[in-house]
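This report refers to the structure that appears directly beneath it.
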Number of protein chains: 2
Amino acid sequence: MVEDQKEVDRVFHALSNQTRRGMVRQLSGGECSVGDLARPTRMSFAAASKHVQVLEKAGMVNRRVEGRQHICSLRPDPLREASEWLSFYEKFWAGNLDRLARVVEADMKKEKK
Amino acid sequence: MVEDQKEVDRVFHALSNQTRRGMVRQLSGGECSVGDLARPTRMSFAAASKHVQVLEKAGMVNRRVEGRQHICSLRPDPLREASEWLSFYEKFWAGNLDRLARVVEADMKKEKK
DNA sequence: CTGATCTTCAACCATGTGGTTGAACGTAGA
DNA sequence: TCTACGTTCAACCACATGGTTGAAGATCAG
């Protein structure tokens, strides 16, 4: 697991904004232009363009220029890596009863006071 | 999927920092005090304390005060929700594009506001 | 009580974020 | 050509982030 931590930072940061998550969702339905991504948001094209650049720098979006349009598509790899990072902790909410028991116990102590 | 978008923002933001991911990893090995979380980082206690607060506000960490120590434990729910958000796109990198498109469409209808 | 320990708080600083506006650029179409 | 379109860039703004330091609050040990 040779995670590039800076890239992981960028991916989670990119996902920490609702507008950008909306763009990811839209792109998961197929390629579209920056304008297509900007339209459902109520901000300026410039602002939407910046969001696309954040996704791009996180490696989550590819862009190709076609005439005057910039066509974006989703690159799934960083999403998969982020998902793998999280699934490491799956043992907390599934399957590993010992750890789960500890968590529950801590929770009960907290509620007692 | 009744996502509180602000909470999702906070969870991904909390994960977008290597120091905080390290704390999550450490906490996954069991409860520990703020000091225990601060020690492996090379920053001041105050800085580490702020990081813990970010995790707390994201709902990922519980704290109970025991004497002069603040004992932290991992709360798995927000991690699970983030993981579910991501795994929604698993179909994307697993290659079943038609199915993804259909699921996305259904989800967008559900989230219409 | 005294002093050490664990933690937070307040103030400060440099830098980043998310948005705006207005200008500029390249391309498409009349 | 001239105009409209899609996009970015540059400058700016308010606010958040991630770090520091120094002081202050509790709590424990002697």
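In what follows, chains are A, B, ... by sequence order, proteins preceding strands, each numbered from 1.
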[X] side-chain N/O to [N] phosphate OP1/OP2 under 4.0 Å:
X: Asn17(B); N: dG18(D); answer: yes
X: His51(A); N: dG19(C); answer: yes
X: Ser44(A); N: dT20(C); answer: yes
X: His13(B); N: dT17(C); answer: no

Worksheet item: Starting at the 5' end of DNA chain C and moving along, which residue's nearest nucleotide shows up first, Phe45(A) or His70(B)?
Response: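 With Phe45(A) and His70(B) compared, the 5'-side residue is His70(B).
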Separation of atom [atom1] in [X] from atom [atom2] in [N], rounded to whole Å:
X: Glu66(B); N: dT27(D); atom1: CD; atom2: C1'; result: 13 Å
X: Gln69(A); N: dT27(C); atom1: CD; atom2: P; result: 13 Å
X: Arg10(A); N: dT17(D); atom1: CZ; atom2: P; result: 19 Å
X: Arg20(A); N: dG16(C); atom1: CZ; atom2: C1'; result: 12 Å
X: Ile71(B); N: dC6(C); atom1: CD1; atom2: C1'; result: 10 Å
X: Arg64(B); N: dC6(C); atom1: CZ; atom2: P; result: 17 Å
X: Gln18(A); N: dT17(C); atom1: CD; atom2: C1'; result: 16 Å
X: Met43(B); N: dA14(C); atom1: CE; atom2: P; result: 20 Å

Practice prompt. Could you check whether Arg39(B) gets within reach of a base, just the sugar-phosphate, or nothing at all, counting any heavy atom under 4.0 Å?
Written response: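 Arg39(B): no heavy atom of the nucleic acid under 4.0 Å.
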Discussion item. So Ala46(B), base contact, sugar-phosphate only, or nothing? Heavy-atom distance under 4.0 Å.
Written reply: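 Counting heavy atoms under 4.0 Å across all strands, the contact made by Ala46(B) includes a base.
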Discussion item. Side chain of Ser33(B) only, heavy atoms from C-beta on: which candidate in dT7(C), dG19(C), dT7(D) is closest?
Written reply: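 It is dT7(C).
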Discussion item. Closest approach to the side chain of Ala47(A), judged atom by atom: which nucleotide of dG18(D), dG19(C), dT17(C) is it?
Written reply: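 In terms of side-chain proximity for Ala47(A), the closest of dG18(D), dG19(C), dT17(C) is dG19(C).
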Item to complete: Compute both the distance and the angle, then confirm whether Arg25(B) meets the cation-pi test with Phe88(A): under 6.0 Å from the six-membered ring centre, within 45 degrees of the axis.
Response: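 The answer is yes, since Arg25(B) meets both limits relative to Phe88(A).
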Worksheet item: How close do Ser16(A) and Arg21(A) get, heavy atom to heavy atom, and via which atoms?
Response: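 Nearest pair, atom of Ser16(A) first, then Arg21(A): C-NH1, 3.8 Å.
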Worksheet item: Do the charged groups of Glu31(B) and Arg64(B) touch, with an N to O distance under 4.0 Å?
Response: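 Counted as a salt bridge, because a side-chain N and a carboxylate O are separated by less than 4.0 Å.
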Fill in: Carboxylate-amine/guanidinium contact Arg80(B) Asp77(B), below 4.0 Å
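A salt bridge is present here (some side-chain N lies under 4.0 Å from a carboxylate O).
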Discussion item. Between dT7(C) and Arg68(B), counting only base atoms on the nucleotide and side-chain atoms on the residue, is there a donor-acceptor pair under 3.5 Å?
Written reply: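 No such pair is found, so the answer is no.
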Worksheet item: Is the backbone N or O of Ala14(B) less than 3.5 Å from a side-chain atom of Arg20(B), with the two atoms forming a donor-acceptor pair by type?
Response: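 The answer is yes, because a donor-acceptor pair under 3.5 Å joins these two groups.
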